[in-house]
A.B. asks: 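Following this message is one structure expressed as structure tokens.
Source: prediction; values computed, not measured. FYI, side chains are in, hydrogens and waters are out, and symmetry mates aren't considered; it's all heavy atoms of this structure.
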Amino acid sequence: RPSSAEMNGPQGPSEEEIKKMDERRFQDMKRGLSQFARGAKMMKRSIAKMKAVINKCGVSIPLELGNALNASDNLVGKIQAAQNADELEEIIGDVEDVGSVMQEWGPRLGDLHRLCQMLKQADREIKQLDRSVKRAESRDKANKKVDLTEIISNYKQDAENMRQTLKEAKELAKTDPETALEKIEDDFFSQ
């Protein structure tokens, strides 16, 4: 009567070979995931420096990026604590999601600095507009030959619209810097 091994055909890898393959797979995965851990650490350090600067002008780190960086701490802990490839497999999806957000925002961090500078510049522009309105009004009162009332009124309305746009952009900068940047570029500086 044939043995079960003979019935199943040629023998597959031995138990020892399977353990070695599993260990190699585990080490390869851990090595690959350690790159994620290094990238997250570098980005967190970079954002910590940036945060102090941009918070002064009212710009916040995007919520999506903040959440991803917070989640990265937990994932890095799981990567370091993992004992086998199966434990790493369980978190691969989360690592990919967080990594994708960091990869998306990495090149765009400069936009946050740019938004900060644009908000400061917009504040200066509004002050200049206010001074211009006051000058125009005082000249209009002194000059009785030409009535500039309507022109000054339109100018004041434009200045008020820009002031409102700046206010909205500053509010957006706290929660949605990307939209704030679009608003300040398109609706303020284009005016």
Side-chain angles (χ1 to χ4, degrees), residues 32-80 91-139 148 151-191:
L33 289 171
S34 70
Q35 291 175 338
F36 163 81
R38 280 193 302 276
K41 185 178 179 182
M42 283 172 48
M43 183 167 258
K44 283 184 84 146
R45 210 174 314 133
S46 173
I47 292 212
K49 290 177 189 173
M50 175 187 287
K51 212 174 193 177
V53 173
I54 65 173
N55 282 350
K56 287 180 185 173
C57 59
V59 177
S60 296
I61 299 298
L63 187 62
E64 174 187 39
L65 179 58
N67 289 343
L69 290 173
N70 290 338
S72 72
D73 288 340
N74 183 33
L75 291 172
V76 168
K78 287 181 178 180
I79 291 167
Q80 291 169 345
I91 62 167
I92 287 289
D94 292 336
V95 167
E96 287 172 349
D97 291 345
V98 168
S100 172
V101 171
M102 292 190 320
Q103 209 168 18
E104 176 191 344
W105 272 101
R108 294 168 48 200
L109 290 177
D111 287 349
L112 300 177
H113 274 295
R114 195 161 63 104
L115 173 58
C116 194
Q117 294 306 312
M118 290 178 90
L119 290 172
K120 288 178 184 177
Q121 178 63 33
D123 278 331
R124 289 190 291 270
E125 297 284 338
I126 288 290
K127 288 175 185 166
Q128 181 62 38
L129 282 172
D130 290 342
R131 285 192 295 271
S132 295
V133 166
K134 285 178 184 167
R135 269 196 310 274
E137 286 176 325
S138 66
R139 286 183 184 153
L148 299 176
I151 294 170
I152 291 172
S153 176
N154 290 340
Y155 189 73
K156 281 173 129 176
Q157 186 57 53
D158 289 346
E160 186 52 39
N161 291 343
M162 291 178 73
R163 183 177 283 103
Q164 187 58 38
T165 297
L166 176 57
K167 182 180 176 186
E168 291 169 12
K170 284 181 174 183
E171 207 47 47
L172 281 168
K174 297 174 187 173
T175 57
D176 187 358
E178 193 171 15
T179 304
L181 185 58
E182 287 173 19
K183 184 161 221 40
I184 199 81
E185 285 177 331
D186 299 342
D187 299 342
F188 186 91
F189 284 107
S190 66
Q191 301 300 316

A.B. asks: Going by an N to O cut-off under 4.0 Å, is there a salt bridge joining Asp130 and Arg163?
C.D. replies: yes

A.B. asks: With rounding to the nearest 0.5 Å, note down the distance linking SG in Cys116 to CG in Leu181.
C.D. replies: 11.5 Å

A.B. asks: Please tell me if the side chains of Ser46 and Leu109 come closer than 4.5 Å, counting only heavy atoms from C-beta onward.
C.D. replies: yes

A.B. asks: Going through the checks in order, is the salt bridge (Lys or Arg N to Asp or Glu O under 4.0 Å) test met by Lys183 and Glu178?
C.D. replies: CA-CA 9 Å; Lys183 184 161 221 40; Glu178 193 171 15; over 6 Å; no

A.B. asks: Taking 4.0 angstrom as the limit, do Lys120 and Asp123 come out as a salt bridge?
C.D. replies: no

A.B. asks: Checking side chain to side chain contact (heavy atoms under 4.5 Å, CB included) against Ile47, which of Met43, Arg45, Lys44 comes through?
C.D. replies: Met43

A.B. asks: Are the side chain of Ser100 and the backbone N or O of Glu96 linked by a donor-acceptor pair below 3.5 Å?
C.D. replies: no

A.B. asks: Mind checking the CE-CG spacing from Met118 to Asp111? Nearest 0.5 Å is all I need.
C.D. replies: 10.0 Å

A.B. asks: We want to know whether Gln121 and Arg124 form a side-chain donor-acceptor pair, criterion being a heavy-atom distance below 3.5 angstrom.
C.D. replies: yes

A.B. asks: In Å and rounded to the nearest 0.5 Å, what is the NZ to CG distance from Lys174 to Asp176?
C.D. replies: 13.5 Å

A.B. asks: Applying the side chain to side chain contact (heavy atoms under 4.5 Å, CB included) test to Leu75, which of Leu33, Ile92, Asp97, Val98 qualifies?
C.D. replies: Val98

A.B. asks: Between Val101 and Leu69, is a side chain to side chain contact (heavy atoms under 4.5 Å, CB included) present by the stated rule, with each step listed?
C.D. replies: CA-CA 9 Å; Val101 171; Leu69 290 173; over 6 Å; no

A.B. asks: Using 0.5 Å steps for rounding, measure from the CZ atom of Arg114 to the CG atom of Leu119.
C.D. replies: 11.5 Å

A.B. asks: From Ile79 CD1 over to Gln35 CD, what is the distance, rounded to the nearest 0.5 angstrom?
C.D. replies: 11.0 Å

A.B. asks: Could you tell me whether Glu104 and Arg108 have a side-chain N and a carboxylate O separated by less than 4.0 Å?
C.D. replies: yes

A.B. asks: Would you sort out whether Met162 and Glu125 count as a side chain to side chain contact (heavy atoms under 4.5 Å, CB included), showing the intermediate values?
C.D. replies: CA-CA 9 Å; Met162 291 178 73; Glu125 297 284 338; 5.6 Å; no

A.B. asks: Verify side chain to side chain contact (heavy atoms under 4.5 Å, CB included) between Lys78 and Asn74, making sure each step is shown before the conclusion.
C.D. replies: CA-CA 6 Å; Lys78 287 181 178 180; Asn74 183 33; 3.9 Å; yes

A.B. asks: To the nearest 0.5 Å, what is the distance between CH2 on Trp105 and CG on Leu112?
C.D. replies: 5.5 Å

A.B. asks: Between Phe189 and Thr165, is any pair of side-chain heavy atoms under 4.5 Å apart?
C.D. replies: no

A.B. asks: Could you report the tightest heavy-atom contact between Ala169 and Ala180, atom names first, then the distance?
C.D. replies: O-CB, 3.4 Å

A.B. asks: On a heavy-atom basis, which atom in Ser72 and which in Phe36 lie closest, and how many Å separate them?
C.D. replies: CB-CZ, 4.0 Å

A.B. asks: Has Lys167 got more than 12 heavy atoms of other residues, nucleotides or ligands less than 6.0 Å from its NZ?
C.D. replies: no

A.B. asks: Tell me if the CD atom of Gln103 is crowded by more than 12 foreign heavy atoms within 6.0 Å.
C.D. replies: no

